[in-house]
Every structure is written in C-alpha cells, then in structure tokens.
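Have a look at the structure below, then the notes.
Everything quoted here is computed from the prediction, not taken from an experiment. Each chain gets a letter, A, B and so on, in the order its sequence line appears, and its residues count up from 1.
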There are 2 protein chains.
Amino acid sequence: MKQKITLKHIARELSVSISTVSKALKNSEEISKDTKDKIQAFAKLYNYKPNNIAISLKNRRTKNIGVIIPDIVHHFFTTVFRGIENYANAKGYNVILCMSDESFDKEVINMELLANGSIDGFIMALSAETQIKNDYNHLKEVAEQGIPLVLFDRITDEIECDKVVINDMEGAYKAVTKFIEDGRKQIALITTEDYYSVSRERAKGYKQALLDHNLPYRENLVLKLPFMDVDELAINEFLDREKIDAVLCVNEIYAIHSMRHVQSKGLSIPKDISFIGFTDGILSKYSTPGLTAVSQHGEKMGAIAAEMLIEKIESEKEEETYTTTVLDTTIVARGSTNN
Amino acid sequence: MKQKITLKHIARELSVSISTVSKALKNSEEISKDTKDKIQAFAKLYNYKPNNIAISLKNRRTKNIGVIIPDIVHHFFTTVFRGIENYANAKGYNVILCMSDESFDKEVINMELLANGSIDGFIMALSAETQIKNDYNHLKEVAEQGIPLVLFDRITDEIECDKVVINDMEGAYKAVTKFIEDGRKQIALITTEDYYSVSRERAKGYKQALLDHNLPYRENLVLKLPFMDVDELAINEFLDREKIDAVLCVNEIYAIHSMRHVQSKGLSIPKDISFIGFTDGILSKYSTPGLTAVSQHGEKMGAIAAEMLIEKIESEKEEETYTTTVLDTTIVARGSTNN
DNA sequence: TTGTACGCGTTATCAT
DNA sequence: ATGATAACGCGTACAA
C-alpha cells in the first residue's frame with residue numbers, strides 16, 4: 001500500500017526545501033530548470049497530487065457545494081440535482097448531497113454540519129416540515145455568516161437570497177387554458193395543502209385561467225391533500241363524487257393514480273376525461289396513455305441554481321443583490337389530452 | 001455579516017491562550033471552573049463550532065464518503081443512495097455524490113479528484129463504459145493508496161474489495177420459475193449485452209430455470225440490446241416475430257415498453273402474455289396493470305455498502321479480508337402475472 | 001536560485 | 001491551571 005505522497009516527502013527525498021518543491025511544481029520562474037525537471041519528474045513518478053483538504057484550509061475555499069433536497073427518490077429533484085452536478089463539476093466543484101426527508105430537524109442538522117467549513121455555498125429546496133413550521137432561522141444564520149445560498153422550487157419570501165423557480169402559476173394557467181380550448185368545462189384540480197409555495201401558485205393559475213375564460217371557479221372541484229403521501233381513497237371518492245371532464249394534478253403520482261381509477265371505472269382517456277400533470281417525469285412518459293405534462297425543466301433549473309451560486313461564491317464584491325429567476329414551463333402533449 | 005468565529009478569536013477576546021480555549025471547550029479537567037464557564041459561555045454566545053476542514057487536516061479523516069454512480073435519474077441507484085446516505089449520516093458521515101454518466105473518463109476524473117483527500121472511502125457502481133473497456137486501473141490505484149472501496153450492483157472480479165450485489169441469477173431463476181408454475185411455455189428474455197455483470201447473471205438464471213423444468217432454452221427467445229438506451233423498434237419486432245406468452249425484462253423500461261406494445265396489439269395482460277421486470281421501481285408500481293417485479297432491495301444494499309465501508313474506514317487493522325454480500329431478491333407480485 | 005517563516009484552525013504534548 | 005509549541009499539507013512573502 002503506497003501512501004499518498006506529500007511535498008514534504010518529495011523535499012526530503014530530493015534534499016531540497018518544501019517551498020522549492022512547491023514552486024517547482026507550479027513551474028515558477030524562480031527555480032532553475034534543472035531542479036524543476038528533477039522535482040517534476042519525481043512528482044510525476046510518484047503521482048503527486050496536492051491534498052485538497054490542505055488547500056481548502058489555506059484558501060478558505062472548499063470547492064464543495066452543499067445540496068439539500070427533501071428526497072432523492074423523486075424524479076424532479078433528481079433532474080435538478082443532475083443539472084447542478086453537471087454545471088458544478090464543469091466549474092471544478094464537488095457536490096455534497098443531503099436529504100432532509102421532508103424533516104425540519106434533518107434539514108437543520110445537515111445544514112449546520114456542512115456550514116462549518118465543509119462547503120462554500122448551499123443550494124436547497126425546503127422540506128415540507130420547514131414550510132409548515134415557517135421557521136427559517138437556520139437559513140438566516142447561514143446567510144449571516146456570509147455563506148451564499150440559492151433556493152429552488154420550494155422557496156420562501158422570508159429569506160433574501162437568490163432563487164430559481166418555475167412559473168408555477170403560468171404553468172397551471174397554460175394547462176387549464178389547454179383544457180378549455182379542448183372544450184372541457186368541468187375542470188378539477190388535485191393539489192396539496194397551501195403551505196407549499198408551489199401549490200399556492202398553481203392553485204392561483206388554475207383559478208385565474210377559469211375566470212379569464214368565463215368559467216366559474218368552484219371549490220368542490222378542488223381537492224387539497226395534506227402532505228406528499230397519496231391518499232388514494234380521497235382521490236377516488238373525489239373523482240367518483242364530482243362531475244369532471246378534465247383534471248389538473250400538481251404531481252405525477254396523483255395524475256397516474258387518478259387515471260388508473262377512472263380507467264377502472266370504464267372511462268376512456270381522453271375521450272371522457274382528460275389529464276394533465278405537473279413534473280413531466282418518468283411516469284408521464286411511460287403511462288398508458290402517456291400523460292400530458294407541465295415540464296418544470298429540472299435540469300435547467302439545477303444548472304441555473306449552480307451558476308448563480310458559483311457566481312456569488314467567486315464574486316469578491318460585498319454587494320447584496322439577489323435575483324429570482326423564473327423559468328417558464330412547457331406543456332408536453334401526450335395521449336391523456338386531445339392533441 | 002458575522003464571520004465564523006475561531007478559537008483564536010475567542011482567545012484574543014478573553015485574553016487567554018488558544019490552547020486554553022480548546023481545552024475549556026472540551027471540558028478538560030485541567031482548566032479551572034471559572035475560566036471554563038467564561039469560555040463556554042462566550043463560545044455559546046457566538047455559536048462557536050469547530051471548523052471541519054481544520055479537523056480533517058489534523059485527523060487525516062474527512063468524515064466524507066464518495067459515491068460514484070452511473071446516473072442519478074435511475075430509480076434503483078436512487079434508492080441505493082438513500083440507503084447509503086441514511087446509514088452514513090447516522091454515523092456522522094457526509095456523502096459526496098458524483099455521476100459518471102456511464103462514461104469511463106468521468107468516472108476516472110471524479111475518482112481522482114475525490115481521492116486527493118476529500119473522502120475517506122468510495123462506494124460505487126461501475127459505469128457501462130468501464131465495464132466494456134474492462135479497465136480498472138483507477139480502482140486499483142485507489143485501493144493501493146489504502147482508500148477503502150465498496151462496489152455494488154455493477155461489480156467486477158478484477159478488483160479485490162468489499163462488494164454488495166443481489167443474487168441476480170436467483171432473481172431471474174425465481175421469475176422464470178413463477179412463469180412456468182403459472183403454465184407459461186414460451187418464455188422470453190429481454191436483456192442487455194453481456195458486458196454488464198448483472199445481465200450475465202440474470203441470463204444464467206433464466207436459462208437454468210428453463211432447463212431445470214425441462215423446457216428448451218431457445219436463443220431466438222432472448223433479445224440482447226446494446227447499452228442502456230431503449231431500442232423500441234427492436235423490442236417491437238422481437239415481440240411481433242416470436243411466439244411468446246411470458247417475458248422477463250432486466251429493467252422496468254423494457255418491461256413497460258413491451259407491455260404497451262402488446263396492449264396496443266390488443267393482447268390482454270396477463271391472460272395472453274405476462275410480464276416480470278427487474279428493479280421494482282416507480283414504474284412497476286404505477287403501470288397498468290402493475291408490473292410484477294424482482295425487487296433488488298436498493299435501500300438495503302446501500303445501507304450494507306455504507307456499513308461495510310465505514311467498518312473498513314474505522315478499523316485500525318491492516319488485514320485485507322474482503323467480503324461479498326449477496327442479497328436475495330424478492331418477487332413483488334402485481335397484475336402483470338397470474339397471482 | 002533556494003530556503004525560512006508564517007498562516008489557515010485545530011489538537012496534543014510538553015513546559016511553566 | 002495555563003500557555004507555548006509542533007504538527008497536519010500547502011502556498012507565499014520575504015530573506016539569504
């Protein structure tokens with residue numbers, strides 16, 4: 001087992017000082033060609049690579065960015081992460097990934113852990129619990145310490161920082177407008193409780209689209225489910241109870257489940273009832289029929305978040321100007337709507 | 001912006017030495033109660049937390065583990081990662097995640113980057129390209145440097161290290177046996193090329209199960225697709241060409257696509273033809289009908305991998321004894337087979 | 001051209 | 001009971 005070699009080893013071996021080695025490996029003009037050659041050859045032979053940790057300590061820069069997401073088994077977050085990772089890697093950054101599991105405590109613990117020097121900045125989407133508690137002190141502290149922070153998707157107005165979101169309202173608006181143009185009249189919305197920033201926005205877009213097209217907004221056509229787990233019974237009852245010819249769902253799971261339910265009752269999609277779901281994940285693509293989806297452009301979102309963060313990290317200025325980037329959604333038409 | 005506070009700051013502020021502060025915060029017996037109280041109070045007030053990087057440098061331990069997987073937008077890897085993260089976090093480790101994108105070069109680059117002090121050990125699944133090239137020098141070097149390594153799922157015999165896999169052969173065997181017990185005779189296999197360790201094993205199990213039940217192994221009932229992307233045409237032609245009443249697929253995508261295709265031809269699942277797919281991901285659960293699946297227990301796999309790695313990291317011994325843990329699969333029965 | 005000394009933040013050992 | 005010093009590995013301003 002050949003131990004990792006350090007400057008000190010090389011110096012000792014070649015009977016020169018550590019700083020000579022350091023300079024030689026940086027091809028400094030100060031060092032004579034002879035010694036440089038000798039040192040570089042030796043370093044190459046023993047495959048010398050500077051120790052990242054030592055460099056981090058010296059530079060007070062880790063070249064790591066911390067990403068905290070509610071859950072990784074969630075296609076959307078996964079695509080965002082991919083966007084982050086790609087961009088960050090290209091810029092020479094590594095990504096430390098933590099999951100909050102939708103838990104406030106885990107979010108706090110992970111953040112505090114990483115904030116103690118392990119990372120140069122954070123990219124995160126708030127956990128459900130955090131949004132419910134509406135407690136953002138951990139974010140505030142991090143911000144106060146001067147650690148850059150970018151929020152995406154699940155954001156809050158309470159914190160001043162860079163943000164990336166999709167235009168959730170516009171996405172819902174587009175979807176409902178499509179339903180209306182297809183001749184649908186009884187348009188339902190299946191969503192989560194309002195403590196999610198995204199749900200609020202989508203509900204707004206849903207309502208606005210109806211009103212703008214002179215259709216009534218009826219509360220009984222809106223089903224709000226608590227938390228992210230799927231209450232299948234509630235969805236089934238809702239679909240059985242109300243007279244509906246189109247459904248907008250704030251996530252794929254709700255949509256897929258709903259489609260299965262109405263299909264099992266013998267309804268035909270999209271003839272009798274049509275569906276649009278947010279996210280455009282893997283389920284939308286492979287369901288039968290394919291689910292028309294509001295694409296959230298996760299990968300792009302991640303790339304932008306990473307870009308914003310690294311920009312802040314590497315900028316010397318002390319100015320505190322924050323941007324919120326809003327990405328427009330795209331409707332990806334599939335078999336669940338008339339196209 | 002209140003800067004992160006260090007021992008030095010506290011020492012200067014309270015007019016004591018740095019080492020006194022250090023000891024006081026560790027509640028050392030050497031320090032008088034008075035000074036301890038004073039220092040601890042001050043530290044608490046300014047929310048002092050030791051700098052991880054400095055500690056890493058001192059201890060030559062980062063408490064980070066590096067995970068390299070081919071792709072994160074892949075439900076199975078995602079579940080494994082979750083298992084890793086949970087276990088690692090509980091043990092006080094952070095996880096640095098890199099994607100190889102199935103590319104040999106990215107795998108090498110990422111590994112070398114992290115190996116220079118950023119992590120205490122690796123957990124990884126080999127990229128497709130690496131398996132095709134059959135070149136594992138980057139792994140060997142890491143091993144020689146004494147950095148612990150655990151391979152999971154996509155492994156190789158070329159490297160001596162801890163490994164975790166599922167019993168792919170047994171999984172396929174079970175699936176085919178189930179088909180046979182359900183009275184199926186024309187059992188097909190849709191798989192990837194043999195350079196994947198997992199594909200080889202599954203093909204073996206498929207063949208063995210047929211032979212053990214006195215059914216012929218017929219090459220024309222086995223479709224081997226190159227790489228991981230889905231050649232839909234090839235699958236369609238295969239399904240149209242051969243007389244088949246059951247299909248085992250090595251992943252969900254193949255299975256879901258195949259199901260859609262035969263359904264579009266008017267066949268009924270599972271009456272006319274039945275399906276089993278490996279992985280038991282989100283698609284299996286939400287397809288219509290639900291896809292009977294060979295569960296790979298990703299989360300458990302991740303937890304075990306993390307356990308093995310941390311065990312090696314924290315063990316003082318120099319012994320080089322490696323284990324390969326083989327997890328048994330479970331068949332999760334759904335609507336795509338007779339149950 | 002080469003080497004010395006210092007600092008990044010912490011801890012452990014050895015003085016006082 | 002407290003402090004000085006060295007060390008982890010590196011880079012760099014300053015001496016020689």
Check: To the nearest angstrom, how far is A:Ile18 atom CD1 from D:dA7 atom P?
Finding: 11 Å
Next item on the list: With heavy atoms under 4.0 Å as the rule, sort B:Ser56 into base, sugar-phosphate or nothing.
Entry: nothing
Notebook entry, point to check: Between B:Phe77 and B:Phe81, does the ring centroid distance fall short of 6.0 Å?
Noted result: no
Check: Which listed nucleotide (C:dC8, C:dT10, C:dT2) is nearest to the side chain of B:Lys8?
Finding: C:dC8
Notebook entry, point to check: With respect to the side chain of B:Ser19, which nucleotide from C:dA12, C:dT10, D:dC8 is positioned closest?
Noted result: C:dA12
Next item on the list: Starting at atom CD1 of A:Ile53, determine the distance to atom P of D:dG11, rounded to an integer number of angstrom.
Entry: 14 Å
Next item on the list: Could you tell me whether the phosphate oxygens of C:dT1, OP1 or OP2, come under 4.0 Å of any side-chain nitrogen or oxygen in A:Thr20?
Entry: no
Item checked: Separation of atom CG in A:Asp34 from atom C1' in C:dT2, rounded to whole Å -> 14 Å
Margin query: Is there a side-chain contact between B:Ser32 and the phosphate of D:dA1, meaning an N or O under 4.0 Å from OP1 or OP2?
Written below: no
Checklist line | D:dA7 phosphate, OP1 or OP2, under 4.0 Å from B:Arg60 side-chain N/O | finding: no
Next item on the list: Check whether any side-chain N or O of A:Lys4 sits under 4.0 Å from OP1 or OP2 of D:dG9, and answer yes or no.
Entry: no
Next item on the list: Return yes if some donor-acceptor pair links the side-chain N/O of A:Thr323 with the main-chain N/O of A:Thr325 below 3.5 Å, else return no.
Entry: no
Item checked: Polar pair under 3.5 Å, donor/acceptor by atom type, side chain A:Lys23, base C:dG3 -> yes
Notebook entry, point to check: Rounding to a whole Å, what distance do you find between A:Asn59:CG and D:dG11:C1'?
Noted result: 8 Å
Margin query: Return whichever of B:Val16 or B:Lys58 has its heavy-atom-nearest nucleotide of DNA chain D closer to the 5' end.
Written below: B:Val16
Next item on the list: Write down the distance between NZ (B:Lys36) and P (D:dA1), rounded to a whole number of angstrom.
Entry: 9 Å
Check: Taking only N and O in the side chain of A:Tyr48, is any of them less than 4.0 Å away from OP1 or OP2 of D:dG9?
Finding: no
Note to self: So if I take every side-chain heavy atom of A:Ile55 and compare against D:dG3, C:dC8, D:dC10, which nucleotide ends up nearest?
What the structure shows: D:dC10
Item checked: Interatomic distance, B:Lys49 NZ vs C:dG9 P [rounded to whole Å] -> 17 Å
Note to self: Let me spell it out: for each of A:Lys26 and A:Glu30, pick the nucleotide of DNA chain D with the closest heavy atom. Which residue's pick is nearer the 5' end?
What the structure shows: A:Lys26
Checklist line | Lys/Arg N to Asp/Glu carboxylate O, B:Lys38 vs B:Asp34, below 4.0 Å | finding: no
Note to self: Just to verify, which of B:Lys106, B:Glu102, B:Glu107 counts as forming a side-chain hydrogen bond (donor to acceptor under 3.5 Å, both in side chains) with B:Thr130?
What the structure shows: B:Glu107
Note to self: Heavy atoms from C-beta onward define the side chain here; which of C:dG3, C:dT10, D:dG11 lies closest to that of A:Leu7?
What the structure shows: D:dG11
Check: Does the side chain of B:Ser17 get closer than 4.0 angstrom to OP1 or OP2 of D:dT2 through an N or O atom?
Finding: no
Next item on the list: Please work out if A:Ser22 contacts a base, only the sugar-phosphate, or nothing of the nucleic acid, heavy-atom cut-off 4.0 Å.
Entry: base
Next item on the list: Please determine if A:Asp120 and A:Lys63 form a salt bridge, counting it only when a charged side-chain N lies under 4.0 Å from a carboxylate O.
Entry: no
Next item on the list: Take the protein atom CZ of A:Arg12 and the nucleotide atom C1' of D:dG9, then report the distance between them rounded to whole Å.
Entry: 13 Å
Notebook entry, point to check: D:dT12 C1' sits how many Å from A:Leu25 CG, rounded?
Noted result: 15 Å
Notebook entry, point to check: Do any N or O atoms from the side chain of A:Asn110 and from the backbone of A:Met99 form a donor-acceptor pair under 3.5 angstrom?
Noted result: yes
